[in-house]
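Report on one structure; see the data block that follows.
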Amino acid sequence: MQFCHVPAEQILNIYDVPNIWHVPLLLRDQKAHLAILKQLNLSFHIDPALEEWTARAELCDSLSVPVKIAMVGKYTGLSDSYLSVIKALVHASLACSRKLCVEWVAATDLENSAKIEQPAVYAAAWETLKNVDGILVPGGFGDRGVQGKILAAKFARENKVPYLGVCLGMQIAVIEFCRTVLKLESADSTEFNVDTPHPCVIFMPEVSKTHMGGTMRLGSRKTYFTTSDCITANLYKLQGHQGSGGAFYVEERHRHRYEVNPDIVGRLEAAGLHFFGKDETGMRMEILELPEHPYFVGVQFHPEFKSRPGKPAPVFLGFIQAASGGLPNAHGHNSGSPACCGNGHSMANGVASETVNGSV
Ligand SMILES: NC(=O)CC[C@H](N)C(=O)O
């Protein structure tokens with residue numbers, strides 16, 4: 001039988017499913033793989049090994065304990081802007097058996113200027129931030145919202161709320177620490193203030209200052225751990241990364257023009273902010289941790305780009321574990337009690353919080 005010259009066995013009924021992990025199962029159940037093999041004249045016939053996908057789809061359907069994460073960014077109305085970060089959070093939340101609730105917080109709403117101009121919006125943004133289990137500051141460019149991101153990092157550091165700073169989010173953590181702890185009140189990145197007397201994040205010296213095109217440090221680069229016994233090293237070890245004596249490195253993807261000023265690293269470390277991951281020269285900071293904090297991690301790279309279903313990015317996994325009430329331990333098990341974080345339907349600055357595990 002044919003419909004419009006399409007054989008019946010090549011017509012698939014693609015209906016709505018509860019989460020994205022069901023899609024391969026839906027295709028398998030309707031023998032899509034056999035139709036494709038036939039069309040391509042391929043004769044081999046191996047049953048698709050979808051046990052892991054089935055387990056993930058079912059787990060996702062059954063999740064009820066939420067983990068509430070604030071995304072403090074610039075494009076909070078455009079969640080696709082941070083799609084890989086959201087996916088990495090989903091992968092990590094599934095691994096921790098938590099239902100991910102993302103609370104979007106527009107960084108500018110946290111700033112003092114919002115307090116005067118839009119007091120209700122300001123109050124709502126802070127109310128949201130104070131009621132999450134973890135705070136994430138993602139990558140970004142340009143100075144809009146930077147003050148708000150610094151305030152979010154300060155709140156996370158001082159209140160021991162799990163914090164993950166990705167790329168710009170790591171640089172923000174450094175600026176905040178310089179301003180508050182080192183008392184360098186005008187410390188800044190030269191991306192936002194070229195004339196700052198305390199440039200704690202600087203343009204990478206080997207990159208041309210006059211050419212904007214092709215000046216980014218991009219792609220896969222090695223990060224060497226300075227110790228194999230810190231939170232992030234232990235998280236990578238859980239995924240089979242090994243090494244010691246200066247040979248313990250991981251490869252992650254990059255996309256930045258600025259870096260932590262190596263001249264200020266000594267003062268930061270003396271005050272308790274440690275850089276446990278550096279590039280091969282030892283001069284470029286890649287991973288920061290605050291050992292006195294349950295989980296305060298910044299990475300210059302973008303771990304979200306290598307996160308996969310069933311293989312969450314280690315620093316995202318640690319972040320969600322910490323936000324779920326348990327610190328990562330040597331076996332990667334969550335030892336704490338589940339975090340309680342409301343009903344997942346609250347509004348943040350007019351943007352409804354989203355429950356996003358596996359959503360398309
Ligand atoms: N991807 C990013 O977050 C970039 C951070 C910062 N704007 C830099 O260029 O270094």
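Atoms within a ligand are numbered from 1 in the order they appear, just like the ligands themselves. Computation of the quantities below employed the complete heavy-atom set of this structure, encompassing side-chain atoms and omitting hydrogens, waters and symmetry-equivalent molecules.
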Discussion item. If the cut-off is 4.0 Å to any non-hydrogen atom of Phe141, which atoms of ligand 1 fall inside it?
Written reply: 1 (N), 2 (C), 4 (C), 7 (N), 9 (O)

Worksheet item: For residues Tyr258 and Gln300, is any side-chain donor paired with an opposing acceptor at under 3.5 Å?
Response: no

Discussion item. What protein heavy atom lies closest to atom 5 (C) of ligand 1? Include the residue and the distance to one decimal.
Written reply: Gly140 O, 3.3 Å

Worksheet item: Would a distance-only check, ignoring hydrogens and angles, find a side-chain to backbone donor-acceptor pair under 3.5 Å from Tyr295 to Val315?
Response: yes

Practice prompt. Tell me, please: is Gln171 in heavy-atom contact with ligand 1, that is, under 4.0 Å?
Written response: yes

Fill in: Residue and atom name of the nearest protein heavy atom (relative to atom 2 (C) of ligand 1), distance in Å to one decimal
Cys167 SG, 2.9 Å

Item to complete: Please assess Phe296 against Phe177 for the test side-chain contact (heavy atoms from CB on, under 4.5 Å), listing each intermediate value before the final yes or no.
Response: CA-CA 12 Å; Phe296 193 93; Phe177 198 87; over 6 Å; no

Discussion item. Distance alone, cut at 3.5 Å: any donor-acceptor contact between the side chains of Thr223 and Glu252?
Written reply: no

Could you pull out all donor-acceptor pairs under 3.5 Å where a side-chain atom in residues 260-267 meets a protein atom, sequence neighbours excluded?
unit_1 : atom_1 : unit_2 : atom_2 : d
Asn261 : OD1    : Asp263 : N      : 3.0
Asn261 : ND2    : Pro199 : O      : 2.7

Worksheet item: Just checking, any donor-acceptor pair under 3.5 angstrom between side chains of Arg217 and His256?
Response: yes

Practice prompt. For ligand 1, find out whether one of its N or O atoms is nearer than 3.5 Å to an N or O atom of Gln300.
Written response: no

Practice prompt. Consider every N or O of Gly139 and every N or O of ligand 1, then say whether any pair is closer than 3.5 Å.
Written response: no

Worksheet, complete the sentence: shortest atom 8 (C) of ligand 1-to-protein heavy-atom contact is with Arg257 N, 3.4 Å

Worksheet item: Polar-atom distance check: Val166 versus ligand 1, any N or O pair below 3.5 Å?
Response: no

Worksheet entry | Atoms of ligand 1, numbered as shown, that sit under 4.0 Å from any heavy atom of His302 | 1 (N)

Worksheet entry | atom 10 (O) of ligand 1: nearest protein contact (heavy atom, Å) | Tyr258 N, 2.8 Å

Worksheet item: Is it true that the NZ or CZ of Lys222 lies under 6.0 Å from the centre of Tyr249's six-membered ring and within 45 degrees of the ring axis?
Response: yes

Discussion item. I want to confirm something. Looking only at heavy atoms, which of His256, Arg255, Glu191, Glu259 is nearest to atom 6 (C) of ligand 1?
Written reply: Glu191

Worksheet entry | CZ on Arg179 to SG on Cys200, rounded to 0.5 Å | 7.5 Å

